[in-house]
Amino acid sequence: RVAETKEKLVKKKLLAINFFPSFTPPITGGEQRSFFLLKALAQDFDVVSVVPTYPDTRRETVQLAPGLTEVRFPKTKEYSAVYGQLLREKEPIHTTAMSYALAGACHGAMLDYLAEIWDSIDGVVLQHATCAAILDALRLPRKPTFYLSHNCEFELAANAYTQRDKHDYA
């Protein structure tokens, strides 16, 4: 968890990937779960959380707690198109999470940032099963990856992906 150098102790660095920001104060159950989990990890690790945020905003970096930084990237027009199509088709999946998974490969600014910091990252924390698609889009050497299990959500995502051939956006 901590590497010792001659001058100081250096914390290992974790990259957290989620499909929504850790707004503070956290209100919803998902926001609470995300924020407090990342805050707890930040006691022993340097944590950088990379997430999408509202489409009509700028990229921003927010210090949420000591050792916890969140970099927020505006959602792209590809995300909005996928999200709209999933809503119209009334897919039985978490529309926001799946839109992020399917459109994440098109988010050049976010993927460029992840590639830029990749060598400094010691491990990856996926906060939702659909966030694994972002790692696939990176096409970089794998890092130790930890999935924060949401129980049945991984199965739901897997089932949705098996129906991919019926969608023209997949």
Side-chain angles (χ1 to χ4, degrees), residues 14-41 47-62 64 68-115 117 123-140 142-143 145-170:
L14 294 178
L15 165 66
I17 301 176
N18 202 356
F19 66 93
F20 62 88
S22 295
F23 292 121
T24 54
I27 298 170
T28 67
E31 289 173 1
Q32 291 175 13
R33 180 179 185 276
S34 177
F35 174 73
F36 289 114
L37 181 92
L38 294 178
K39 185 177 176 185
L41 285 171
V47 180
V48 60
S49 177
V50 175
V51 298
T53 191
Y54 299 109
D56 296 326
T57 60
R58 288 195 230 163
R59 173 181 157 176
E60 65 179 333
T61 301
V62 180
L64 296 172
L68 174 55
T69 303
E70 186 165 83
V71 183
R72 299 173 181 164
F73 289 86
K75 293 174 185 168
T76 61
K77 62 181 180 241
E78 291 84 4
Y79 172 92
S80 298
V82 170
Y83 183 81
Q85 187 166 353
L86 289 173
L87 283 178
R88 285 189 301 278
E89 294 181 10
K90 298 181 176 33
E91 288 290 340
I93 56 177
H94 193 299
T95 306
T96 305
M98 191 57 71
S99 298
Y100 178 59
L102 294 171
C106 300
H107 201 304
M110 183 181 67
L111 294 175
D112 288 347
Y113 175 78
L114 291 171
I117 67 169
V124 179
V125 176
L126 300 176
Q127 294 201 58
H128 192 275
T130 56
C131 296
I134 302 307
L135 294 181
D136 291 339
L138 281 173
R139 300 176 194 253
L140 292 170
R142 294 290 184 191
K143 301 279 186 171
T145 302
F146 308 91
Y147 169 59
L148 304 178
S149 177
H150 286 231
N151 300 326
C152 67
E153 288 180 350
F154 181 81
E155 186 176 332
L156 291 172
N159 288 339
Y161 276 125
T162 61
Q163 299 175 19
R164 163 187 315 206
D165 57 324
K166 77 174 194 171
H167 301 291
D168 59 358
Y169 53 78

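Worth knowing before you read on, the calculation uses all heavy atoms, side chains too, and leaves out hydrogens, waters and symmetry mates.
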From [X] atom [atom1] to [Y] atom [atom2], the distance as rounded to the nearest 0.5 Å:
| X | Y | atom1 | atom2 | result |
| --- | --- | --- | --- | --- |
| Leu102 | Thr130 | CG | OG1 | 9.0 Å |
| Arg33 | Thr28 | CZ | OG1 | 11.5 Å |
| Thr96 | Leu87 | OG1 | CG | 8.0 Å |
| Ser49 | Leu37 | OG | CG | 10.5 Å |
| Leu15 | Leu135 | CG | CG | 7.5 Å |

So, for [X] and [Y], which heavy atoms are closest and what is the spacing to 0.1 Å?
| X | Y | answer |
| --- | --- | --- |
| Ala103 | Val82 | CB-CG2, 4.4 Å |
| Tyr113 | Arg59 | CD1-NH2, 3.4 Å |
| Tyr79 | Tyr100 | CE1-N, 3.5 Å |
| Ser34 | Asn18 | OG-ND2, 3.5 Å |
| Ser99 | Leu86 | OG-CD1, 3.5 Å |
| Leu38 | Ser22 | CD1-OG, 3.9 Å |

Between Val47 and Thr69, is a side chain to side chain contact (heavy atoms under 4.5 Å, CB included) present by the stated rule, with each step listed?
CA-CA 6 Å; Val47 180; Thr69 303; over 6 Å; no

Is there side-chain contact between [X] and [Y], with heavy atoms separated by less than 4.5 Å?
| X | Y | answer |
| --- | --- | --- |
| Phe36 | Pro26 | yes |
| Leu14 | Val48 | no |
| Phe146 | Leu126 | no |

Step-by-step side chain to side chain contact (heavy atoms under 4.5 Å, CB included) determination, Val71 to Val51
CA-CA 6 Å; Val71 183; Val51 298; over 6 Å; no

Listed by chain and number, what are the salt bridge (Lys or Arg N to Asp or Glu O under 4.0 Å) partners of Arg142, not counting sequence neighbours?
Asp136

Which residues satisfy the salt bridge (Lys or Arg N to Asp or Glu O under 4.0 Å) test with Asp112, sequence neighbours excluded?
none

Who pairs with Phe19 by ring-ring contact (aromatic ring centres under 6.0 Å, His included), at least two apart in sequence or on another chain?
His94, His128

Hey, does the side chain of [X] reach the backbone of [Y] with a donor-acceptor pair shorter than 3.5 angstrom?
| X | Y | result |
| --- | --- | --- |
| Thr145 | Lys143 | yes |
| Arg88 | Gly84 | yes |
| Gln85 | Ala81 | no |

Quick one: sort the Phe23 and Tyr54 rings into parallel, tilted or perpendicular, breaks at 30° and 60°.
parallel

Between Lys75 and Thr57, is the side chain to side chain contact (heavy atoms under 4.5 Å, CB included) condition met? List the steps.
CA-CA 9 Å; Lys75 293 174 185 168; Thr57 60; over 6 Å; no

Starting from the C-alpha separation in whole Å, work towards a yes-or-no answer on side chain to side chain contact (heavy atoms under 4.5 Å, CB included) for Phe35 and Thr24.
CA-CA 8 Å; Phe35 174 73; Thr24 54; 3.4 Å; yes

Electrostatic pair Arg72-Glu70, nearest N-O below 4.0 angstrom:
yes

